[in-house]
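Nothing here was measured: the structure is a model prediction, and the numbers come from that model.
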Amino acid sequence: MARRFRSPDRRRRRRRAPPPHDGWLIAELATLVGVTPRTIRYYLQKGLLSSPRFYGTATRYQRPALLRALSIRHMQRDEHLSLDAIKSRLAHMSAEEIETYATAKLTTGPAATALGVERPPMTVATFTETETPPRYASVKWDVVQLLPGLSLLVKSDGSPLVKKLAQQIYDHCVGATPSLANDR
């Protein structure tokens, strides 16, 4: 029986392109987003993030991955959405919409710097005595907390009748609080 040897071409492995040097390693991406690397892997497993070309520990994530991860984080923290709802919502958003959503709340910090969207934080304008006051009419209101989640607005310069009525409503609601607990 004759032995067959493989030709040298078949034994040769294809050379892979070197790993990219731009982008972020998984630990860097996790730090920018404010989560752990395990969380990023979980997002990959659930299909919330697309997997980049694998280079072992040298695998790098590009700008779209950072934007999606920031969007996921915002939707979880601010809108309290589940991961399934987030996945569905991201599937219906274009790349531009995801970028707008992810960068809308970024002002300063490592993620803003990495994305190049660093903006100064918003400042509240204050009037000095030399400036003219605004020309619109302003009204001052008193907020009366009747129950948790229920407030009553009363004009500060309201008539005594209005203030007396607000006090009666307040007394009624505060006196009714124990009976509301029994009705549940």
Rounded to the nearest 0.5 Å, what separates atom CG in Leu67 from atom CG in Leu90? 11.0 Å

Sorted by chain and number, sequence neighbours left out, side chain to side chain contact (heavy atoms under 4.5 Å, CB included) with Ala95 holds for none

Residues Tyr43, Val33; criterion side-chain contact (heavy atoms from CB on, under 4.5 Å); working and verdict: CA-CA 12 Å; Tyr43 292 165; Val33 176; 5.5 Å; no

Is there a donor-acceptor contact under 3.5 Å from the side chain of Ser88 to the main chain of Ala85? no

How far apart are the closest heavy atoms of Trp24 and Ala114, and which atoms are they? CZ2-CB, 3.8 Å

Does Ser159 have any side chain to side chain donor-acceptor pair (under 3.5 Å) partners at least two apart in sequence or in another chain, and if so, which? none

Atom CZ of Arg68 and atom NZ of Lys87: how far apart are they, to the nearest 0.5 Å? 9.5 Å

Calculate, to the nearest 0.5 Å, the distance between atoms CD and CG belonging to Gln76 and Leu81 respectively. 9.0 Å

Examine distances only and state if a side-chain atom of Arg60 and a backbone atom of Gly23 form a donor-acceptor pair shorter than 3.5 Å. yes

Show, in sequence, the C-alpha distance, side-chain angles and deciding distance for Tyr42 and Leu83, and conclude whether the side-chain contact (heavy atoms from CB on, under 4.5 Å) test is met. CA-CA 11 Å; Tyr42 186 69; Leu83 290 179; 3.4 Å; yes

Partners of Ala30 by side chain to side chain contact (heavy atoms under 4.5 Å, CB included), sequence neighbours excluded? Val35, Pro37, Ile40

Side chains of residues 148-155: which donor-acceptor partners sit under 3.5 Å, not counting sequence neighbours?
from, atom 1, to, atom 2, distance (Å)
Ser151, OG, Gln145, OE1, 3.3

Side chain to side chain donor-acceptor pair (under 3.5 Å) against Asp157, all qualifying residues, sequence neighbours excluded: none

Can you run down the salt bridge (Lys or Arg N to Asp or Glu O under 4.0 Å) pairs that involve residues 37-48, sequence neighbours left out, and say none if there aren't any? none

Between Met75 and Tyr101, what is the shortest heavy-atom contact and its length? CG-OH, 3.3 Å

What residue pairs, at least two apart or across chains, pass side-chain hydrogen bond (donor to acceptor under 3.5 Å, both in side chains) with a residue in residues 28-37? Thr36-Thr39

Only counting residues at least two apart or in another chain, list the ones meeting salt bridge (Lys or Arg N to Asp or Glu O under 4.0 Å) with Lys163. Asp142

Would you confirm whether Ser94, through its side chain, and Glu97, through its main-chain N or O, come within 3.5 Å as a donor-acceptor pair? yes

List the residues meeting salt bridge (Lys or Arg N to Asp or Glu O under 4.0 Å) with Asp84, not counting sequence neighbours, and say none if there are none. none

Going by the rule side chain to side chain donor-acceptor pair (under 3.5 Å), which residues pair with Arg53 if we only count those two or more places apart in sequence or in a different chain? none

Of all heavy-atom pairs between Leu32 and Leu70, which one has the smallest distance, and what is that distance? O-CD2, 4.2 Å

Looking at CD of Glu96 and CD1 of Ile98, how far apart are the two atoms once the value is rounded to the nearest 0.5 Å? 9.5 Å

First locate atom CG of Leu25, then atom OG1 of Thr59, and finally report the distance between them rounded to the nearest 0.5 Å. 8.5 Å

At what distance, to the nearest 0.5 angstrom, does CD1 of Ile72 lie from CD1 of Ile86? 6.5 Å

Test of understanding: with salt bridge (Lys or Arg N to Asp or Glu O under 4.0 Å), list the residues that count as partners of Glu79, not counting sequence neighbours. Arg89

Whether Gln62 side chain and Pro52 backbone form a donor-acceptor pair below 3.5 Å: no

Can you sort out the partners of Ser51 under side chain to side chain donor-acceptor pair (under 3.5 Å), two or more places apart, ordered by chain and number? none

